[in-house]
Structures are given as C-alpha cells and as structure tokens.
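Structure record follows, encoded as structure tokens.
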Amino acid sequence: MCGIVAYTGPGDAVPILTEGLARLEYRGYDSAGLAVVGRSGDLRVRKAAGRVAALAASLPARFKGGTGIGHTRWATHGEPSDDNAHPHVAGTVAVVHNGIIENADELRAKLRADGVVLASETDSEVLPHLIARSAAAELEDAVREALSQIVGTYGIAVVDTRHPGVLVVARNGSPVVLGIGEKEMYAASDVAALVRYTRQVVHLDDGELATIRPDGFRTSTLDARATRKEPSVIETEDAAYDAEGYTHFMRKEIHEQPAAVERALRGRLDGRFHTAHLGGLELDPREARAIRRVKILGCGSAYYAGQVGAQLIEELARIPADAEPASEFRYRNPVVEADTLYIAVSQSGETYDTLAAVQELRRKGGRVLGVVNAVGSAIARECDGGIYLHAGPEIAVASTKAYTSTAVVFALLALHLGRIHDLSPADGRRIAEGLRALPGQIEEILRQEDRIAALAADLAKYRSMLFVGRVRGWPVAREGAQKLKEVSYIHAEAYPASELKHGPLALISPDLPAVAIVPDDELLDKNRSTLGEIRARHGRVITIGHTDAGEDSVVVPKNEPELDAILLPIPLQLLAYHAAVALDHDVDKPRNLAKSVTVD
Ligand code: F6R
C-alpha cells in the first residue's frame with residue numbers, strides 16, 4: 001500500500017525520490033506526489049492520480065531541490081485524485097503520510113471552524129495544518145505537538161521551508177526506515193527504496209521520531225526523550241528488486257524457489273541429532289516441552305501456509321495445532337492460554353490484521369513467535385522471537401516463494417519440536433533428508449513449465465474452477481484456488497475432497513473443471529473414489545500428484561509424505577501464472593490488491 005521516500009543532501013532529491021517511488025510501486029498505489037525545497041528556499045509540489053512514471057515525466061527541468069519527500073497513495077479517505085494525492089501542504093509545510101488518522105473528522109471540523117480551507121478529502125491533510133500552526137521553534141517540536149493530537153497510525157515525513165535541509169519523520173504503526181549515506185540521508189517506508197543508495201539503515205520504533213540533516217540524525221520519543229539507535233546492514237542485493245530479464249516478478253519468484261528454500265534451510269539442519277536449529281526461537285527445550293497447543297495466525301496465503309505448518313507440527317511433534325485467519329482471530333476476543341505457543345506468519349511483516357492479532361496476544365500475556373520474511377518489520381519486532389524466511393524480497397502481489405519458504409520453515413520447526421518430543425532419530429533423519437532434497441525437486445517441477453503453461457492456456461477458457469484436496473492436500477487446494485483467482489480472476493473455490501458429497505457435488509458439470517490434489521499417500525484410494533464421483537458427473541479432472549494420468553495431470557517428485565504440501569502447490573503457482581498470462585492480465589499488479597495490507 002502507500003509508500004514514502006525522503007532525501008536530504010547535496011544532490012538533487014528529485015531523481016532519488018522518483019526512483020525510490022518506482023521501487024515501491026509493487027506495493028500497490030493509485031496516485032503519486034513529490035515536494036522539494038528548492039535551493040532558493042521555495043516549496044515545489046507536484047502530485048497526481050496515476051503512475052509514478054507519468055508524474056516523473058511531467059516535472060519541469062527546474063523542479064529540483066536538496067531536500068524532499070515523495071509518496072505513493074492507496075486511497076482510503078477520498079477517491080484517487082490529484083487533490084487527494086500526497087504531499088499535503090499548509091503554508092511552508094509539506095507532509096506525506098501512511099496510515100489512518102481515526103479522529104480526522106473531528107480535527108478537520110476544528111480546522112474549518114478556525115477558518116482553514118482544506119484542499120482534499122483526506123485524513124492526512126490535517127497534519128501539515130497542525131504542524132504549520134505550532135509556535136514551536138524547532139520543526140521536530142512542531143511535529144511532536146501535532147502528533148499528540150492524532151489518534152491512529154502513521155508513518156510520516158515532513159519538510160518545512162523555514163527549516164532548510166531538515167526532514168522530520170515519525171512512526172506509529174506504519175514503518176519508517178532511515179538510510180545513512182555519505183553526507184546525505186534518506187528515509188523510506190520500505191528498504192526497497194533505499195538499497196540502491198545505501199545499505200546502512202535504522203528502523204524507527206513505534207512512538208519514535210527523527211530529525212534528519214545531511215550529516216546525521218537524532219531520534220527521540222514522542223515525549224521528547226532521546227533514544228539510541230544502532231544502524232543495521234541490509235542483506236539484500238539491489239538486483240533482487242529487478243525483474244532480471246523475466247517478464248513478470250511472479251514468474252521470477254516462482255523460479256527463485258529452489259534458491260529460497262536452500263536459504264531457508266542453510267545452517268539449520270543438525271546431522272548429529274537429526275533435528276533443526278532455529279536461532280531466533282528464544283525457547284529452551286523445557287519451555288518447548290511445556291507447550292500444550294500451537295495456534296498459527298496469518299492472512300491469505302500466509303494463513304494457508306500456516307495451515308500446512310499446523311499439520312506438520314501436529315504430525316511430527318504430536319502437539320495439537322491449528323491455524324486461523326489473523327483477521328478473524330483479532331475480532332473475537334480470543335481466549336489466550338499460557339501454555340499455547342502462538343505463531344504469526346507474514347511475508348511483509350506489516351499486514352495490519354496480523355500485527356493487531358500479535359498485539360492483542362501480547363497484551364493478554366501470550367507468547368508469540370514470528371515466521372516473517374521482511375527483516376526488522378513491525379510483526380518481527382513485535383514478537384517474542386521468531387524465524388526469518390530469508391526468501392529475499394517478494395515483489396509480485398501474489399505470494400509464491402514466501403509461501404513455500406514458510407512451509408519449509410514450519411517443517412524445520414516441526415522437526416525441532418518433534419525431536420524434543422517423541423519423533424525418533426530415524427524419523428528425524430528421514431525428514432531432514434526430505435528437506436535437503438526439496439530444492440532439486442522444485443527444479444524438476446519447474447522444468448515442466450511448458451506443459452503446465454499449455455494446460456493453463458486451455459483452462460483459461462473456464463469461468464470457474466474447483467480445487468479439492470484431503471488433509472495434507474486441503475491447504476494446498478486452498479492456496480491453489482487463491483493463486484488462480486488473484487491473478488487470473490477466474491472464480492475458484494477450494495473444498496476438502498471429503499466434503500464434496502455433502503453439497504458441492506451438485507455443481508459438477510463439464511463447465512466446472514476440478515483440480516484435484518492427489519498425493520500418493522494413505523488417502524490415495526479415498527481420493528480416487530472422489531475423482532470417480534466427479535468424472536461420473538462429466539466433470540473434467542486435473543490431477544496434481546505422484547501418478548501420471550495423461551494430459552490432465554501434473555506429476556511432482558515423491559518426497560516424504562509429511563512434506564507433500566511443500567511441493568504440490570508449485571505446479572498450481574505456474575498454472576495460475578500462465579492462466580493469467582493467457583488472459584493478458586497484469587500479473588504482478590492484480591486489480592484491487594496491494595502487496596502489503598497495512599490498513600484495518
Ligand atoms: C496471496 C497474498 C496475500 C498475502 C496476505 C498476507 O498471494 O499475497 O493473501 O499472503 O495478504 O500478507 P503477508 O504475508 O505479507 O502478511
């Protein structure tokens with residue numbers, strides 16, 4: 001969703017801001033804008049609904065400045081329009097804002113009553129007015145005063161022509177990262193906008209603000225207590241944010257899975273005790289033994305990967321485990337138990353529903369681990385401990401490599417917990433060997449891409465599809481349906497294969513193909529009889545499993561049955577991708593969807 005970039009230094013801010021905003025496009029946006037303080041001290045603002053490239057192309061040559069802020073907006077208050085785009089301006093002050101100001105109506109009414117003319121319908125516009133009205137001598141104090149009147153979430157960046165060379169940024173629930181350069185400084189809502197310029201970053205905490213000048217920065221809390229921050233180094237290479245010859249990031253990320261899985265496994269398998277070492281768990285064996293239940297929380301694909309995780313933990317560690325959408329959990333006043341281990345799953349580490357579930361759990365004294373991809377993200381920082389995916393940046397809206405890496409990380413966690421409980425060394429070794437085989441087996445599946453693409457192009461003619469699976473195949477079916485609908489817009493519904501005869505069998509017809517997840521496990525015969533029921537009603541069946549059933553089947557290599565749910569989704573990712581390509585959709589930016597859902 002929304003993105004922020006800011007710069008102060010000897011260079012021209014404009015190309016840095018426009019390039020940075022382009023790097024944030026993947027998150028989803030509808031408008032973009034810039035404000036820079038010109039060398040003569042004047043404020044120059046350009047903003048418009050539409051793409052960053054169009055905005056950049058519309059800038060006159062004289063649009064330059066040494067200090068500036070930029071923004072990509074995802075509309076929440078007021079439609080996408082030039083007026084509603086950020087930055088918002090009041091006199092000498094310009095502000096970009098991510099997040100939601102809950103008391104905006106009240107603040108807007110107060111400003112209007114004082115004679116202020118508001119130019120937009122946004123919640124964010126109150127900020128520059130509140131800052132501009134402050135009598136404080138320092139910009140930082142004026143921002144602090146304004147923020148004390150705000151109820152809601154924010155990541156903001158502020159410039160004021162009365163304070164040349166100064167940027168003030170602040171964070172509460174919406175990320176802000178500072179980038180340290182050579183006599184120049186950057187800030188952004190996502191390191192993606194910074195990696196081209198610097199690898200030294202500082203993540204602000206909630207309730208913190210920073211005053212940034214070209215030669216450095218100082219941080220403090222909202223109540224003006226100074227804080228100390230240690231810079232960290234961004235691991236990711238700049239190239240990871242490029243499509244590197246691929247037409248779409250989604251396809252690139254599907255093909256990155258062998259390497260991503262290798263990274264998720266690296267240094268984590270123990271050949272002596274046939275277990276897994278997970279450094280960030282913060283859970284000693286005694287504490288691990290005391291866990292009576294595991295509850296996994298995430299949204300969308302992260303939730304489905306969590307469902308795979310719950311099955312793995314229950315199978316390998318014999319600890320009762322289940323997954324629930326974080327977006328539901330947070331609203332149902334959940335009972336929080338001391339001997340339950342809660343695990344929050346998130347690629348971005350910013351999904352608001354998941355973050356709110358974690359905060360609710362922590363408030364009630366629950367122990368929460370994070371299974372997160374984005375290092376230093378809000379969810380990672382909020383948890384008691386956790387495991388990073390190390391999948392590298394995921395740019396396409398549809399999650400692929402992060403989904404697979406999450407399932408792999410859960411297999412490691414299940415192995416670790418299993419070996420503390422009753423999983424035998426022989427079974428531990430069997431699972432560890434299975435995990436080591438995954439990257440090569442994913443390569444084998446990817447080599448079938450042309451066949452899967454042909455199948456997808458044929459399936460793209462249908463308006464609706466059914467995805468069915470049993471037990472280990474059930475989260476796979478859900479993820480397959482999710483991928484297809486997200487990028488191809490073909491209606492897809494997932495059902496447990498066992499439930500078909502309790503209702504959905506009524507839908508079966510030649511117009512509704514069924515994609516069936518049929519691993520060669522102890523349920524194969526049951527699955528075969530379900531497929532018989534579909535075929536008897538003239539339904540087309542496409543099988544994803546270990547048996548070659550001709551044209552309408554995709555065969556994945558056999559691994560340990562417990563790990564089936566890691567390999568089986570990969571053909572479904574390719575199926576969804578190629579169906580979307582066949583239908584000529586913008587695969588990386590599906591309609592109505594954003595990469596990080598940072599709003600309530
Ligand atoms: C699906 C997809 C979404 C995300 C969900 C959670 O392809 O990308 O369903 O999985 O919005 O996002 P994260 O994992 O960033 O919390």
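Keep in mind that this is a model prediction, so the values were computed, not measured. Note that ligands are numbered from 1 as they come in the structure, with each ligand's atoms numbered from 1 the same way.
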For ligand 1, which atoms sit closer than 4.0 Å to a heavy atom of [X]?
| X | result |
| --- | --- |
| G300 | 9 (O) |
| A398 | 7 (O) |
| Q347 | 13 (P), 14 (O), 15 (O), 16 (O) |
| S399 | 1 (C), 7 (O), 8 (O) |
| S348 | 13 (P), 15 (O), 16 (O) |
| A302 | 10 (O), 14 (O) |
| K483 | 1 (C), 7 (O) |

Please report which non-hydrogen protein atom sits nearest to [atom], along with the residue it belongs to and the distance in Å to one decimal place.
| atom | result |
| --- | --- |
| atom 11 (O) of ligand 1 | V597 CG2, 4.2 Å |
| atom 10 (O) of ligand 1 | S301 N, 3.2 Å |
| atom 6 (C) of ligand 1 | C299 O, 3.2 Å |
| atom 2 (C) of ligand 1 | E486 OE2, 3.5 Å |
| atom 12 (O) of ligand 1 | T351 OG1, 3.4 Å |

For this session: Would you give the length of the straight line joining atom CG of L583 to atom OG of S488, rounded to the nearest 0.5 angstrom?
Result: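 Between L583 CG and S488 OG, I get 6.5 Å after rounding to 0.5 Å.
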For this session: Please indicate whether E235 has more than 12 foreign heavy atoms, meaning atoms of other residues, nucleotides or ligands, lying under 6.0 Å from its CD.
Result: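 No, because the 6.0 Å sphere around CD of E235 holds 12 heavy atoms or fewer from other groups.
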Exercise. What part of Q482, side chain, backbone, both or neither, has a heavy atom within less than 4.0 angstrom of ligand 1?
Worked result: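 It is the side chain that touches ligand 1; the backbone stays farther off.
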Problem set entry | Expected output: side-chain S189 to main-chain I4 donor-acceptor under 3.5 Å |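 Yes; at least one donor-acceptor contact below 3.5 Å.
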For this session: Give a yes or no on whether the backbone of G152 and the side-chain of N172 come within a donor-acceptor separation of less than 3.5 Å.
Result: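 Yes.
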Problem set entry | Non-hydrogen atom of V397 closer than 4.0 Å to ligand 1 |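 Contact check V397 vs ligand 1: positive.
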For this session: Consider ligand 1: state whether an atom of it lies below 4.0 angstrom from any non-hydrogen atom of E350.
Result: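 Checking ligand 1 against E350, which is what was asked, there is no heavy-atom contact under 4.0 Å.
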For this session: Taking atom types as modelled, find out whether Q441 and N559 have a side-chain donor-acceptor pair closer than 3.5 angstrom.
Result: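 A pair is found: one side chain offers a donor N or O, the other an acceptor, under 3.5 Å apart.
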Exercise. Of E253, H248, E449, which meets side-chain hydrogen bond (donor to acceptor under 3.5 Å, both in side chains) against Y577?
Worked result: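 Testing each of E253, H248, E449 against Y577, the sole residue satisfying side-chain hydrogen bond (donor to acceptor under 3.5 Å, both in side chains) is H248.
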Exercise. Would one find an N or O of T354, backbone or side chain, under 3.5 Å from an N or O of ligand 1?
Worked result: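 No; the residue has no nitrogen or oxygen that sits under 3.5 Å from a nitrogen or oxygen of the ligand.
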For this session: Determine, step by step, whether R478 and Q307 satisfy the side chain to side chain donor-acceptor pair (under 3.5 Å) criterion, reporting the C-alpha distance in whole Å, the side-chain angles of both residues, the deciding distance to 0.1 Å, and the verdict.
Result: CA-CA 10 Å; R478 299 180 90 184; Q307 208 189 345; 3.0 Å; yes
For this session: Apply the side-chain contact (heavy atoms from CB on, under 4.5 Å) test between T406 and each candidate in I387, I296, V308, V345; give the one that qualifies.
Result: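 It is V345; the other options fail the test.
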For this session: For a side-chain contact (heavy atoms from CB on, under 4.5 Å) with V554, tell me which candidate from I544, L575, I570 qualifies.
Result: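 Answer after filtering I544, L575, I570: I544.
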Problem set entry | R591 to Y489 six-membered ring, cation-pi geometry met (6.0 Å, 45°) |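 R591 over Y489 ring: yes.
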